[in-house]
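Single-structure report; data block below.
Since this is a predicted model, take the numbers as computed values, not measurements. Keep in mind that the numbers below use all heavy atoms, side chains included, and drop hydrogens, waters and symmetry copies. Chain identifiers are assigned alphabetically (A, B, ...) following the order of the sequence lines, protein sequences preceding nucleic acid strands; residue numbering begins at 1 within each chain.
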Number of protein chains: 2
Amino acid sequence: MATMTAAQRREQERAAFGAFMETCPMNQLLGIVGRQWSTMVLWELAAGPRRYAEVSRALPGVSAKMLTQTLRSLERDGFVARTVTPSVPVQVEYALTPLGDRIIPLIATMIDWANHHIGDVHAARARHDTTST
Amino acid sequence: MATMTAAQRREQERAAFGAFMETCPMNQLLGIVGRQWSTMVLWELAAGPRRYAEVSRALPGVSAKMLTQTLRSLERDGFVARTVTPSVPVQVEYALTPLGDRIIPLIATMIDWANHHIGDVHAARARHDTTST
DNA sequence: CGGGATCCTCTCCGATACTG
DNA sequence: CAGTATCGGAGAGGATCCCG
């Protein structure tokens with residue numbers, strides 16, 4: 001129909017954009033690594049396979065709930081593999097999959113950029129805060 | 001004090017880790033680009049300076065509130081510059097600062113990685129979902 | 001045109017308690 | 001040891017109305 005109100009057109013545009021957003025790889029990537037603990041867990045696992053309690057000790061700030069949730073999420077997305085060894089106390093080991101290995105360089109790049117430029121951000125922030133005060 | 005309970009030790013470790021987290025460049029970077037609209041606004045601005053309404057039209061999914069909030073945040077962190085031209089209808093232009101220019105390659109890298117590997121993620125997700133069903 | 005203020009919802013995340 | 005379940009707070013984000 002050519003006879004649409006502006007509101008309808010806007011609505012349609014928004015819907016189309018929403019659909020695009022859903023499938024936009026960049027947004028999906030952010031949905032994965034943007035989670036608070038994801039990168040840190042990935043980074044810890046990059047050093048080698050770890051058991052649940054080992055990851056927990058390495059990241060003292062994370063609660064058991066979030067660690068489990070993060071691990072499950074990463075497992076679902078194919079970044080980590082979960083191996084259960086049915087011994088007397090159950091033993092669970094988490095390790096990076098090949099896909100997990102491939103995201104490490106990206107995280108490394110991000111860390112590198114952050115280390116080089118975070119000072120500028122702090123400076124800009126301080127300048128902005130003092131100027132507006 | 002050497003005489004601490006395990007709970008106290010854990011608490012102290014957590015506090016120290018929390019302090020580390022606050023200053024960890026990587027987490028701060030995530031706090032900046034991890035925001036839903038930040039990267040898309042940055043990406044839009046990378047193509048050249050834009051007025052408020054132009055950005056809004058380019059990103060139909062964002063509400064005025066979030067656009068303003070995102071822009072303010074990016075301005076505070078020194079990624080975008082805000083220029084107000086006091087004409088009859090006020091005219092506001094947003095442009096990337098040099099620091100803003102420097103984060104574009106990083107975003108480009110992330111987009112590139114996402115485009116190359118999001119398929120694997122989808123595959124892993126589908127496999128995980130069908131297996132567990 | 002370019003917002004500010006207010007209200008509401010939904011998700012992230014932590015704390016606590018319980019299970020095999 | 002390795003979780004699951006539930007509660008509750010904080011903040012992201014959307015909708016709507018209003019202002020210069």
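- Using cut-offs of 30° and 60° for the angle between ring planes, the B:Trp113 and A:Phe79 rings count as parallel.
- For A:Tyr52 and D:dT4, the OH to C1' distance is 10 Å, given to the nearest whole Å.
- Within the nucleic acid shown, A:Gly61 comes within 4.0 Å of sugar-phosphate atoms alone, with no base atom in reach, counting heavy atoms only.
- For B:Thr68, the side-chain atoms get nearest to C:dG4 when compared with the rest of D:dA2, D:dG3, C:dG4.
- Within the 4.0 Å cut-off from OP1 or OP2 of C:dC1, not a single side-chain nitrogen or oxygen of B:Tyr94 is found.
- Of all heavy-atom pairs spanning B:Leu99 and B:Gly78, the tightest one is CB-O, 3.5 Å.
- The side chain of B:Arg51 lies closest to C:dC1, out of C:dG3, C:dC1, D:dC1.
- For A:Gln69 and D:dA2, the CD to P distance is 19 Å, given to the nearest whole Å.
- At least one side-chain heavy atom of A:His117 sits under 4.5 Å from a side-chain heavy atom of B:Arg102.
- B:Ala64 comes within contact range of no nucleotide atom at all, as no heavy-atom separation falls under 4.0 Å.
- Both A:Met66 and A:Pro89 sit near DNA chain C, but only A:Met66 has its closest nucleotide nearer the 5' end.
- Taking each heavy atom of B:Thr97 and B:Val80 in turn, the nearest pair found is CG2-C, 3.6 Å.
- Atom pair A:Arg82:CZ and D:dG3:C1' shows a separation of 8 Å (rounding to whole Å applied).
- The nearest whole Å value for the distance from the CD atom in B:Gln91 to the C1' atom in D:dG20 is 16 Å.
- Among the candidates A:Thr70, A:Val62, A:Leu45, the single residue satisfying the side chain to side chain contact (heavy atoms under 4.5 Å, CB included) test with A:Val55 is A:Leu45.
- If you take NZ of B:Lys65 and C1' of C:dC7, they are 9 Å apart, rounded to a whole angstrom.
- The nearest whole Å value for the distance from the CD atom in A:Glu75 to the C1' atom in D:dG3 is 13 Å.
- Contact check, A:Arg35 against C:dT11: no side-chain N or O comes under 4.0 Å of OP1 or OP2.
- Heavy atoms of A:Gln36 sit under 4.0 angstrom from primed sugar atoms or phosphate atoms, though from no base atom.
- Separating the CG atom of B:Leu59 from the P atom of D:dG14 is a distance of 11 Å, rounded to the nearest angstrom.
- Between the P atom of D:dG3 and the CG atom of A:Leu67 lies a distance of 8 Å, rounded to the nearest Å.
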